[in-house]
Structure formats: structure tokens, C-alpha cells
Trainee: 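Below is a structure I'd like to ask you about.
Atoms within each ligand, like the ligands themselves, are counted from 1 in listed order.
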Amino acid sequence: MDYKEKIKERIEGHCLITFGKKSKYCSNKEKYIAVVKSLMEDIVPKWNDSLNKYDGKKKAYYFSAEFLMGRALSNNLINMNWQSDIRDILKEYKIDYNNIEESEDDAGLGNGGLGRLAACFLDSAATLNYPLMGYGLRYEYGIFKQKFADGFQIEGPDNWLEFGDSWSIRKSMDKVVVSFADGDVLAVPYDTPVIGYGGNTINTLRLWKSEAINSFNLEEFNRQNYDLSVKDKNDAENISKVLYPNDSKEEGKILRLKQQYFFVSASLQDLVKKHLEKYDSLENFHQLHGIQLNDTHPTVAIPELMRILTEEYKMDWDKSWDIVVKTFAYTNHTILQEALEQWPVRLYKVILPNVYRKIEEINSKLIDELEEKAIVDDIRDYKIIDDNNIKMAYLAIYGTHSINGVAQVHSDILTERELNNWYKLYPERFNNKTNGITQRRWLLKSNPELSEFITELLGTDNWITELDELKKLEKYKDDRDVLERFLDIKQEKKNQLAEYIKEHEGIEIDPYSIFDIQIKRLHEYKRQLLNALQILDLYYRIKENPNLDIVNKTFILGGKAAPGYERAKGIIKYINEIKDLINNDKDINGKIKMVFVTNYGVSYGEKLFSAADISEQISTAGKEASGTGNMKFMLNGTPTIGTLDGANIEIVEEAGENNNFIFGLQVEDIERIKNTYDPKKYYENVDGLKRVVDTLVDGTFSDGGTGIFKELYNSILKGANWHSPDQYYLMKDFDSYRKAQERVNEAYIDRSAWAKKCWTNMANAGKFSSDRTIEQYAKEIWDIENC
Ligand code: 26W
């Protein structure tokens with residue numbers, strides 16, 4: 001029987017046994033599930049074969065509290081090279097592939113950049129045939145669903161498992177027990193295949209679900225204590241119930257600590273168990289395992305492995321410590337003070353007393369070492385336990401052989417400033433690994449139109465696994481025909497987005513206007529408020545001068561605010577107020593329009609990055625560790641308007657400052673002015689600035705009586721008890737930002753010059769493939785080989 005017939009038969013079979021009906025009576029969701037199950041019949045045997053080839057070799061493990069995978073269907077079809085077959089089959093079946101694709105829920109098991117980076121890394125490692133396995137938590141609820149009511153963000157549960165997850169397999173046989181001082185719980189792994197491009201390598205993402213050891217207490221039930229009869233079950237299941245929706249603000253919550261230890265302990269048990277099936281001791285553990293700690297969230301792995309080695313396996317302390325340091329490496333993703341994890345000693349003592357004892361031992365070893373090296377001053381810059389808090393970043397540095405930042409400027413800030421004392425102690429441990437993104441998702445999948453054109457021009461599709469090949473396209477930067485087609489493709493992507501926005505947001509936008517897009521988590525340092533003020537200023541200038549000669553512009557913003565982050569939520573409300581004012585003003589005559597997209601996430605991003613004309617990357621210099629959205633825009637041929645921050649610096653290095661729109665304070669400028677900065681000076685003197693800032697308090701807009709607009713106003717002009725006025729330098733950067741926007745407008749008018757800028761960005765995006773990043777981790781940190 002031919003392949004297509006076989007797949008058709010399978011789909012029919014799964015519809016029957018899973019949903020009890022023929023496929024023609026199934027909903028799109030049901031058909032989607034039947035298709036996935038049919039594909040898994042082919043994927044699973046290949047997956048098993050693929051895992052065997054790593055036998056006896058050193059492997060790397062990515063320990064991460066977040067994996068923001070998004071949808072899998074299209075990605076897996078592309079990587080297995082099944083896409084056209086499946087589309088054909090579905091067509092014969094009169095099933096619309098797009099409907100099937102859209103019925104998949106995003107696996108939203110992450111907040112933002114850090115979680116999405118983990119997902120891109122898994123894709124790259126599998127594509128490059130590197131043995132890298134992801135370990136994390138299988139949250140029952142992922143990142144909340146965002147809605148708006150009267151312009152305010154409302155959070156709803158993300159019940160992504162409602163219909164199950166047909167990509168993952170429950171491996172009950174591999175379950176382990178995780179012990180807390182207040183009781184034990186079961187950790188049950190669910191494995192998801194991570195298919196590399198070409199399908200040669202299929203790696204594994206293993207996520208742990210928490211369950212009770214005794215899920216039902218019959219005695220309590222018989223005593224009619226129904227709540228108590230399922231109390232153990234509920235308590236245990238709560239651990240992996242929900243992703244903490246905080247991005248860059250640390251909250252010392254018991255449940256979060258339990259989540260961290262839960263997945264770390266389960267993962268280490270898994271590794272130790274498998275290791276001892278092959279070898280008779282753990283002395284060579286570090287020779288076969290490299291574990292990357294994705295920020296400090298899994299840092300408890302360091303004392304936990306010490307505990308396992310010294311107490312369960314009675315290994316000598318120094319030898320154990322050597323194994324630990326050689327096994328682990330740590331990536332830092334932020335320098336924001338409020339994001340640095342500290343755990344109260346009291347919490348650790350109550351929940352994880354045995355682990356805490358190890359941290360104490362590690363801390364005293366450190367202090368001995370400092371004394372030996374005659375470091376007596378600044379000892380507080382090293383102490384892991386200080387002031388009744390455990391400083392996780394210090395533990396992560398002391399317990400690993402590699403510490404990396406995620407863009408050059410970020411790594412420099414770490415070694416020269418934030419962690420300078422540690423750098424002086426262990427200079428050889430510090431290194432940079434500039435982030436990357438996978439071109440399979442962020443170009444090939446999300447922009448098939450541009451992908452085909454690239455392949456046509458290059459005469460090969462090898463850019464899919466060697467992104468530096470794009471450089472060969474630079475020679476077309478003055479070729480009128482090429483640029484013409486390139487602009488047509490951008491227009492097509494813009495039409496598609498306009499269509500989608502009309503359907504999903506109910507807003508009609510002009511597809512021929514400039515699409516100016518800022519999409520990312522809401523945070524003061526990312527300065528969505530600066531964007532809002534600039535838009536409002538433009539609005540007032542158009543009102544004053546209705547003949548103002550500008551190209552029509554559509555400002556598209558999107559992003560979630562952490563539910564407890566009042567200011568970020570206030571900024572969303574303020575943006576939505578401005579949006580209503582502008583979109584309802586007939587006088588503006590469509591010159592400008594605004595959209596705040598609902599529930600921005602991976603899948604929405606795929607539609608937005610490829611349709612953008614200009615990429616907003618306007619964080620306060622020194623605050624955005626890297627950024628990866630900036631790279632997704634660039635890869636799709638979109639120039640950046642931005643500050644010299646994070647990876648923007650490297651983007652401009654690659655594509656040229658003249659092809660991007662750089663403005664604002666630089667890191668050194670801020671260092672210089674920070675003690676004397678007075679935002680009032682700019683607020684009062686910069687033309688038009690007071691007019692827009694005052695709309696926060698003069699009744700132009702309503703914050704629904706919450707007082708949040710006044711609070712935002714004060715954060716800029718008065719400061720607060722935890723920060724000085726305008727700590728993110730909006731007032732200072734406003735004017736140069738506005739000028740940069742004007743440069744964009746002028747540049748856009750000259751269509752061929754504009755196309756050339758866009759083209760040059762795309763052609764120079766090679767560096768930002770996560771394939772390059774993973775190659776560097778593999779060679780420079782993990783010391784693993786590809787198979
Ligand atoms: C709960 C506390 C918490 C949660 C998440 C603290 C810190 C985080 C992350 C470190 C925040 C994060 O996602 N950082 C982003 O990491 C990306 C990948 O390296 C970078 O590109 C972004 O610049 C950085 O903000």
C-alpha cells in the first residue's frame with residue numbers, strides 16, 4: 001500500500017477509536033489529533049533508533065524551568081519532509097490544512113525570551129545531530145491567556161492539555177520519588193520528540209508531572225472527609241500545576257521552590273540511575289554529562305548532586321565537588337537586580353533541610369578558599385549565604401566551570417561590573433554566547449514565500465542548516481528585479497497579517513502603511529511607554545497640522561504583563577486608551593492606526609515578525625541582556641529602530657548602522673549621567689514632551705479610577721521609594737527617538753533604498769542562527785560531539 005493510503009487509513013482508525021466516529025464527522029481539533037497520532041506511528045520508531053546512536057558518548061542536558069515550544073505540527077512536518085504529502089492527503093480528504101494547523105494549542109510553557117531560547121536550542125541541537133536533552137516541568141497550565149476588558153489586561157487559564165497532548169508519551173516506568181521535608185511526591189516523565197531538520201536525529205524533551213504516591217485515601221472517604229480523602233493528590237499535583245507568570249521579577253514562593261527542586265531532583269535521579277546501569281560508580285559522571293543551568297532557576301542542582309555524591313554514594317567531598325563543578329555550567333539572562341534569585345534560609349530549612357546543609361558546606365568551603373587567597377574585603381560580594389538569604393547566582397558561579405552572558409555587551413557588563421569580583425577570582429570561567437534563533441521556525445516555517453525566493457536565488461536550500469549562506473545574497477542588493485519581488489513578498493505577508501488582525505482584533509489596518517511593530521513582554525525597561533508617548537506626540541502633531549506629510553503608519557504592539565506587575569498593566573491600559581483615541585478620530589484620516597494584539601505568543605509572533613517593516617528594540621541601554629525578537633525581525637528583512645543594547649549592537653555590526661535606526665543613550669553615557677540625571681529638564685524643555693506626559697494626569701484618558709496613570713506619571717517625575725525619577729531614561733531619549741522615527745519615515749519613501757536596507761539586514765542575519773550558538777555551547781562548554 002502506498003504511503004498516502006497508509007496515512008489515510010491511520011487517520012480514519014484514530015478518528016474511530018479515539019473519537020468514536022468517522023473522520024468526516026470529526027471537528028478540526030479531533031482531526032488534528034488523529035493526524036498527530038498517525039504521524040507518531042512513524043516518528044516513534046525513528047526516535048528510538050536515534051537515541052541509540054548516542055550510546056557511550058558524552059551528552060548535554062538543558063535544565064530549564066521553561067520551554068516555550070509553540071506549535072509542533074508544521075514544524076515537525078517540515079523537519080521530517082512530510083509537509084507536501086500531508087497537505088495532499090488532507091486535500092483529498094477535503095480537510096483544510098490551515099484549519100488543522102490552527103487547532104493546535106501553543107505549548108506555552110514559558111514566559112518569554114528565556115523559554116523560547118530553550119526551544120530554539122533544542123531545534124538546533126537536533127538539527128546538528130548533537131546529543132542534547134531538555135529537562136523541565138510539564139505545567140498543566142502554561143502562560144496565562146490574555147484578554148482585555150475596557151483596555152485592562154485580564155488573565156485566563158491556559159488549559160493546553162484539555163484535549164491531551166498527542167506529541168508526548170507518558171513514561172510511567174521511569175517515574176521517581178522526590179522527597180520534601182513535608183512529604184514525598186511522584187515525578188512522572190512525559191517525553192516529546194524533538195525532530196531535527198532532515199529527520200536524522202530525534203532528541204527528547206523530558207518534562208515531569210507531579211503526582212501523589214497515594215492519590216486516594218479510602219479511610220478518610222469512608223469517614224466522609226471527602227476533602228481529606230484527596231488532599232494528598234491535590235497537594236502533590238499542585239507542584240506542576242501552573243507556570244509562574246513572572247518574567248524578570250523574583251518572588252520567593254514556597255511552591256516555586258518546590259517546582260525547582262522537583263524537576264531538578266527528578267532529572268538528576270534519572271541521570272544517575274541510567275549512569276549506574278552502565279558504570280559501577282559515579283566517578284566518571286562528569287565525563288558523560290554536561291548540564292546547562294538556564295539561569296539560576298535550576299541551581300539547586302548543584303547542592304543536590306553534592307548531596308547525592310557525598311551522602312548517598314559516600315564519595316569524598318573534594319572529589320564530589322570536582323565532579324559537580326565539571327558537570328555544571330550556568331547561563332545568566334539578566335542583570336536586573338529584582339530578577340536575581342535569593343531564597344530565604346528559613347524556606348530552605350523547612351522544605352529542603354538536607355539540601356540546605358550542603359549549601360552551608362559549600363558556603364564554608366568558599367569562605368575557606370577566599371581566606372586562602374587572602375580575599376578579605378568585599379567578602380559580601382561572594383558569600384552564598386548572607387543576611388539569611390541564599391544567593392543563587394553566587395551558588396551558580398561557584399559551582400560551575402562556565403558562566404556565560406547572552407550577548408557581548410551583556411557578558412562585558414557581567415565581567416566588568418555586576419560580577420567583577422567573581423570574574424577576578426575565576427576569569428577563565430566567564431565567556432559569552434550570543435543568543436540565536438532557529439531559522440527553521442522563524443523563516444522557513446513562518447515565511448515560506450521569502451524562503452522559496454531565497455532558495456531560488458541561491459540555487460540551493462542549504463541556508464536552512466547553514467544560515468551564513470544568506471551572505472551570498474548581498475550581491476543582489478542593487479538588483480531592481482530582486483528587490484521588487486522582495487517588496488512584493490513583504491506586501492503579501494502584510495496583507496496576510498492585516499487579514500488576521502481584522503479577524504482576531506476587529507481592527508482594519510491599511511496594508512500599505514508602514515507596519516511598526518513592538519512585541520515582547522511588558523516591562524518598564526523595554527520602554528513600551530516611550531513608544532506610546534512617541535505615538536501620541538505624532539497624533540498631536542497631525543492634529544495641529546492636518547497636512548503633515550507622513551507615510552501612513554500602523555503601530556502594532558503586543559505582549560503580556562505579569563499579573564502582579566501593576567505598572568506594566570497600567571502601561572497596557574494607557575496604550576489601549578491612546579489606541580481608542582487615535583482609531584476613533586476621523587480627522588486623522590487613517591494616517592496612523594494602532595493595534596494592541598491579544599495574547600501575543602509564539603504562533604502570533606510567526607505572523608508578526610514576517611510582516612513587519614520596522615522592528616522596535618528600544619530598551620534602556622544595558623538592560624536587555626540580548627533580545628531574540630530583534631533577530632527574528634532581522635531575518636525577515638526588517639530594519640531595527642533601537643538603542644545600542646543587547647544583541648542590537650551585534651545586529652548593527654553585521655548589517656551596518658546605515659541600514660538601521662539607532663538612537664539614544666549608550667551604556668557608558670548612562671554610567672556617566674546616572675547620578676545627576678534630572679528628567680524634569682527634558683520634560684519641560686523638549687518640544688511636545690510635557691504635552692504627552694501630562695495626559696497621564698490631566699484627564700485626557702481614564703484609568704478607570706485606579707490611579708495607575710498618576711503612578712506612572714510619578715514614576716517618571718518623582719520616582720518612588722525604590723527608585724529615582726525616570727530610572728529608564730524615557731525623558732532623555734524621547735527626542736532622539738522621535739528623530740529616529742522621522743529618519744524611518746524619510747527612508748521609507750524611497751522604495752528601492754528602503755528595500756536595500758531590508759535586504760541587507762536579511763542577508764547579514766547568518767550570525768543569529770541558534771545553530772551557531774549551539775555549536776559554540778557544544779564545543780566551548782559541553783565538549784560534546786555530534787553523531
Ligand atoms: C521569576 C523570575 C524570573 C523569571 C525569568 C527572573 C528572570 C527571568 C528571565 C531571566 C527573564 C528572561 O527571559 N530574560 C531574557 O532572556 C533572553 C534569552 O537569553 C534574552 O534574550 C532577554 O534579553 C532577557 O530579558
Trainee: How close does the nearest protein non-hydrogen atom get to atom 12 (C) of ligand 1, and which residue and atom is it?
Mentor: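 Of every protein heavy atom, Leu114 CB, 3.8 Å lies nearest to atom 12 (C) of ligand 1.
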
Trainee: Answer yes or no: is there a side-chain heavy-atom contact under 4.5 Å between Lys526 and Glu616?
Mentor: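 No - every pair of side-chain heavy atoms lies 4.5 Å or more apart.
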
Trainee: If we set the cut-off at 4.0 Å for heavy atoms, which region of His297 has an atom near ligand 1: side chain, backbone, both, or neither?
Mentor: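 The answer is the side chain of His297.
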
Trainee: Quick one: does His333 get an N or O within less than 3.5 Å of an N or O on ligand 1?
Mentor: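 Indeed, backbone or side chain, His333 has an N or O that close.
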
Trainee: Taking atom CZ of Phe663 as the centre, does the number of heavy atoms from other residues, nucleotides or ligands within less than 6.0 Å exceed 12?
Mentor: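 It does: Phe663 CZ has more than 12 such atoms within range.
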
Trainee: Need the ligand 1 atom indices (1-based, order shown) with element for anything under 4.0 Å from a heavy-atom of Tyr525.
Mentor: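 With Tyr525 as reference, the close atoms of ligand 1 come out as 25 (O).
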
Trainee: Once you restrict to heavy atoms under 4.0 Å, what part of Asn435 touches ligand 1? Side chain, backbone, both or neither.
Mentor: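 Asn435 to ligand 1: side-chain contact only, backbone stays beyond 4.0 Å.
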
Trainee: Would you verify whether the NZ or CZ of Lys209 falls within 45 degrees of the ring axis of Tyr190 while also being under 6.0 Å from that six-membered ring's centre?
Mentor: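 Verdict for Tyr190: no cation-pi partner in Lys209.
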
Trainee: Here's a test for you: under side chain to side chain donor-acceptor pair (under 3.5 Å), which of Arg567, His723, Lys623 qualifies with Glu524?
Mentor: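 Testing Glu524 for a side chain to side chain donor-acceptor pair (under 3.5 Å) against Arg567, His723, Lys623 leaves exactly one candidate, Arg567.
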
Trainee: Please report which non-hydrogen protein atom sits nearest to atom 3 (C) of ligand 1, along with the residue it belongs to and the distance in Å to one decimal place.
Mentor: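 For atom 3 (C) of ligand 1, the nearest protein heavy atom comes out as Ser248 N, 3.4 Å.
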
Trainee: For ligand 1, which atoms have a heavy atom of Asn246 less than 4.0 angstrom away?
Mentor: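 Counting from 1, the qualifying ligand atoms are 1 (C), 4 (C).
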
Trainee: For atom 23 (O) of ligand 1, find the nearest protein heavy atom and state the residue, atom name and distance (0.1 Å precision).
Mentor: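 Here the closest protein heavy atom is Glu624 OE1, 2.6 Å.
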
Trainee: Which part of Val406 is near ligand 1, with near meaning a heavy atom under 4.0 Å away: side chain, backbone, both or neither?
Mentor: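 Answer for Val406: side chain.
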
Trainee: Can you tell which of Thr299, Ile781, Thr331, Ile302 makes a side chain to side chain contact (heavy atoms under 4.5 Å, CB included) with Thr400?
Mentor: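 Among Thr299, Ile781, Thr331, Ile302, the one meeting side chain to side chain contact (heavy atoms under 4.5 Å, CB included) with Thr400 is Ile302.
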
Trainee: Is there a polar contact, in the sense of an N or O pair closer than 3.5 Å, between Ser626 and ligand 1?
Mentor: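 Indeed, backbone or side chain, Ser626 has an N or O that close.
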
Trainee: Going by heavy atoms in the side chains, are Tyr426 and Ile403 under 4.5 Å from each other?
Mentor: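 The answer is no; the side chains never approach within 4.5 Å.
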
Trainee: How far is atom 11 (C) of ligand 1 from its nearest protein heavy atom, and which residue and atom is that?
Mentor: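 It is Asp247 OD1, 4.0 Å.
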
Trainee: With backbone taken as N, CA, C and O and side chain as the heavy atoms from C-beta onward, which portion of Arg256 lies under 4.0 Å from ligand 1: side chain, backbone, both, or neither?
Mentor: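 It is the side chain that gets close, since no backbone atom is under 4.0 Å.
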
Trainee: Please indicate whether any nitrogen or oxygen in Glu66 is less than 3.5 Å from any nitrogen or oxygen in ligand 1.
Mentor: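 N/O-N/O distance below 3.5 Å does not exist for this pair.
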
Trainee: Distance under 4.0 Å to a non-hydrogen atom of Asp295: what atoms of ligand 1 satisfy this?
Mentor: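 Near Asp295, the atoms of ligand 1 are 10 (C).
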
Trainee: Nearest heavy atom to atom 21 (O) of ligand 1: which of Ala118, Gly627, Gly112, Cys120 does it belong to?
Mentor: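 The residue whose heavy atom sits nearest atom 21 (O) of ligand 1 is Gly627.
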
Trainee: Taking atom NZ of Lys732 as the centre, report whether more than 12 heavy atoms of other residues, nucleotides or ligands fall under 6.0 Å from it.
Mentor: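 Atom NZ in Lys732 is not crowded, with 12 or fewer foreign heavy atoms closer than 6.0 Å.
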
Trainee: Run the numbers for me: atoms of ligand 1, each under 4.0 Å from some heavy atom of Ala625, listed by number.
Mentor: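 With Ala625 as reference, the close atoms of ligand 1 come out as 23 (O).
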
Trainee: Taking the six-membered ring for Trp, are Trp343 and Tyr348 parallel (under 30°), tilted (30 to 60°) or perpendicular (over 60°)?
Mentor: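 Perpendicular.
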
Trainee: Using the six-membered ring of Phe180, assess whether NZ or CZ of Lys258 lies under 6.0 Å from its centre and within 45 degrees of the ring axis.
Mentor: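 So Lys258 does make the cation-pi contact.
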
Trainee: Is it the case that the ring center of Tyr777 lies less than 6.0 angstrom away from the ring center of Phe121?
Mentor: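 Here the rings of Tyr777 and Phe121 have centres that are less than 6.0 Å from each other.
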
